[in-house]
Each structure stands twice: as structure tokens, then as C-alpha cells.
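In what follows, a single structure is set out as C-alpha cells and then discussed.
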Amino acid sequence: MSDGRYLTFALGKGRLARQTMELFEKIGIGCREMWDKDSRKLIFVNEEQRLRFFLSKGPDVPTYVEYGAADIGVVGRDTILEENRNVYEVLDLGFGKCRMCVCGPESAGELLRHHERIRVASKYPNIAKEYFYNKKHQTVDIIKLNGSVELGPLVELSDVIVDIVETGSTLRENGLMVLEEVCPLSARMIVNPVSMQMKSERIKELVNKIRAYPEQESKE
Ligand code: PRP
């Protein structure tokens, strides 16, 4: 378990971490050292406020939180759904908004409509499985990829993909389109169930501070 004196945060590396740090700075928490891009340091401590922060790969954030290595995590809803860990989701942070979609060439629309046994490439096999098997009751073959998933239909690895669409420009530039929407996504705050009880005052205070932050809801 994480040290009881500290509130420990796991942040997914990349865009979300920067936006989270900006938000934390606005509500008066954080650690200046974290802004140093050249630093290879992994853990940042704010002794005065008894806070610790570490950066990890996005998909590992729910793992750290489930096991209590971090009390709190900030990660995209895509990762939460894919990892399906035992954590509480306490807050929609309102930034990192995008959509999980089934995408492909226009011609694949017909295959979807007729519930054909198609090939689906995705970085998110669990989300794809949940959507096709449990929601659409369609049998499909799911192929796990680790990135640049749009290649799937282009090189005929798959008929469609299940992937994140933000601006839509990756799809447009590759002659693909959104065929179905799976769900909306954004950055979420997750909490370890034991921390939720043991550190409830500190966590509630943090959540209230973020909720009260006036620009929060309209922020992209
Ligand atoms: C994500 C996603 C899409 C793209 C969508 O990929 O997987 O490829 O962004 O954004 P857009 O709609 O604004 O074009 P990311 O850049 O994270 O890299 P990846 O392909 O390696 O997963």
C-alpha cells in the first residue's frame, strides 16, 4: 500500500498528464519539478502538502490504483474500460474528450448492418469484444494491435477497427470513416477502494476543489 502520510497520484504519461498537472496547479497542488521534460525522475514529492506523484504508461495507471500503490489515478475512460480494474471512478475531469468508434471504409458499413463475421483490429480488444458480443450480439474476430490501428483496413488485415477518434483527421487522411459510435471518452479520476475509506477526508477535499473550479466543465 502507498505510504499513509502521503496522497499518491499515478498519472498516465503524455497529453493527459500535462492537462492534469495544469488543473492541479490551478487548484494549488502539484510539484514544479514535474514540468521538467528532460528529467528522468519517476517520483515527485511535495513534502509540504504531503503529496506524491508518479508518471506511468496509461494502461498501468488502473493497476497501480487497484493494488493501492497509488491512492488516485488520472486516466482516459478508454483505459478504465479496457483494463476493468477494481477501482472507483469518482470524477469526470472534462478534458481529453474524444469518442471510441468503429471505423473503416464506407463499404464496411454493409458488413456491419448484416452482422457479418468480420475482422476487427483494435488496441482495445476488451472494449471491442464487449461492444460486438454483448451489445450488438455479433460474432466477430478481434485482432489486437498496439498502435497505428488505422493500418488494419488499409492493408486488409481487418474489415474495421475500434479506435479513438478525436479530430477525425487520421481517419480522413486515410480514406476511412466513423461507422458506429461505441461510447464517449474523457479523462477520469479513479480511486483505490481502501484509500477511499482510509483517506476519505483528503480525497473528498480534493474532489470538491476540482468540482468547484469554475472553468472545469467547459474546459476541453
Ligand atoms: C490516437 C488514435 C487515433 C488518433 C485519433 O492515436 O488511436 O489513431 O489518435 O486522433 P484524430 O481523430 O485527432 O486523428 P495516437 O496518436 O494516440 O497513436 P497510436 O495510433 O499509436 O495509438
Side-chain angles (χ1 to χ4, degrees), residues 9-23 34-35 37 42 53-65 73-85 89 92-109 111-112 118-133 135-136 138 140-190 217-220:
F9 294 80
L11 310 181
K13 276 184 203 166
R15 251 183 304 180
L16 283 191
R18 293 205 71 76
Q19 287 173 297
T20 307
M21 280 151 54
E22 278 166 21
L23 168 65
M34 284 179 79
W35 292 89
K37 276 199 217 126
L42 293 171
F53 301 87
F54 64 83
L55 296 169
S56 75
K57 287 267 184 192
D60 293 338
V61 169
T63 312
Y64 285 110
V65 175
V74 174
V75 73
R77 184 175 179 226
D78 49 314
T79 304
I80 298 172
L81 294 173
E82 182 63 24
E83 296 299 315
N84 198 22
R85 293 279 175 180
E89 189 184 310
D92 181 348
L93 294 172
F95 52 79
K97 278 191 183 149
C98 50
R99 301 180 292 157
M100 185 65 73
C101 297
V102 180
C103 311
E106 198 179 354
S107 58
L111 303 174
L112 287 169
I118 52 171
R119 282 182 171 183
V120 181
S122 186
K123 233 163 93 166
Y124 303 91
N126 293 329
I127 295 178
K129 195 169 161 197
E130 167 70 24
Y131 179 71
F132 280 104
Y133 280 75
K135 195 163 174 200
K136 294 199 69 190
Q138 179 174 357
V140 297
D141 295 313
I142 294 166
I143 303 168
K144 161 90 199 258
L145 288 179
N146 292 297
S148 303
V149 179
E150 289 82 358
L151 269 173
L154 300 181
V155 298
E156 293 177 24
L157 171 75
S158 69
D159 300 293
V160 297
I161 59 173
V162 167
D163 199 20
I164 291 173
V165 179
E166 193 180 354
T167 61
S169 57
T170 312
L171 292 178
R172 271 193 303 278
E173 282 179 33
N174 292 290
L176 304 172
M177 59 191 285
V178 171
L179 300 167
E180 290 175 1
E181 181 171 323
V182 177
C183 62
L185 304 170
S186 59
R188 307 290 162 103
M189 183 174 282
I190 54 174
E217 291 309 313
S218 59
K219 241 183 93 196
E220 177 59 18

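We count ligands from 1, going down the list as the structure has it; atoms in each ligand are counted the same way. Note that the structure is a prediction, hence the values are computed from the model and not measured.
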What protein heavy atom lies closest to atom 14 (O) of ligand 1? Include the residue and the distance to one decimal. Thr170 OG1, 2.4 Å
Between Glu156 and Arg119 (salt bridge meaning N to carboxylate O under 4.0 Å), is one present in this structure? no
Between the side chain of Gln138 and the main-chain N/O of Phe132, is any donor-acceptor distance below 3.5 Å? no
Filtering Ser148, Ser122, Ser169 for the heavy atom nearest atom 19 (P) of ligand 1 leaves Ser148
Without swapping roles, check the side chain of Thr79 against the backbone of Val75 for a donor-acceptor pair under 3.5 Å. no
Give a yes or no on whether atom 5 (C) of ligand 1 lies under 4.0 Å from any heavy atom of the protein. yes
Between Thr167 and ligand 1, does any nitrogen or oxygen pair lie at a separation below 3.5 Å? yes
Side-chain donor-acceptor pairs under 3.5 Å in residues 178-185, sequence neighbours left out?
from	atom 1	to	atom 2	distance (Å)
Glu180	OE1	Tyr131	OH	2.7
Glu180	OE1	Lys136	NZ	3.2
Glu180	OE2	Lys136	NZ	2.9
Glu181	OE1	Arg99	NH1	3.2

Specify whether the nearest protein heavy atom to atom 12 (O) of ligand 1 is under 4.0 angstrom away. yes
Min N/O separation Gly168 to ligand 1 under 3.5 Å: yes
Using a 4.0 Å heavy-atom threshold (strictly under), name the region of Asp163 that reaches ligand 1: side chain, backbone, both or neither. side chain
Below 4.0 angstrom, counting only protein heavy atoms, does anything approach atom 22 (O) of ligand 1? yes
The closest protein heavy-atom partner of atom 16 (O) of ligand 1 is Arg15 NH2, 4.9 Å
Test item: Asp92 side-chain N/O and Gly94 main-chain N/O as donor-acceptor pair under 3.5 Å: yes
Starting from the C-alpha separation in whole Å, work towards a yes-or-no answer on side chain to side chain donor-acceptor pair (under 3.5 Å) for Thr170 and Arg172. CA-CA 6 Å; Thr170 312; Arg172 271 193 303 278; over 6 Å; no
Would a distance-only check, ignoring hydrogens and angles, find a side-chain to backbone donor-acceptor pair under 3.5 Å from Ser122 to Val162? yes
Of Glu150, Lys123, Arg172, which has the heavy atom at the shortest distance from atom 3 (C) of ligand 1? Glu150
Which atoms of ligand 1 sit under 4.0 Å from any heavy atom of Val165? 12 (O)
Of all the non-hydrogen atoms in the protein, which one sits nearest to atom 1 (C) of ligand 1, and at what distance? Ile164 O, 4.7 Å
Assign the ring pair Phe54 / Tyr64 to parallel, tilted or perpendicular, where the plane angle (0 to 90°) is split at 30° and 60°. perpendicular
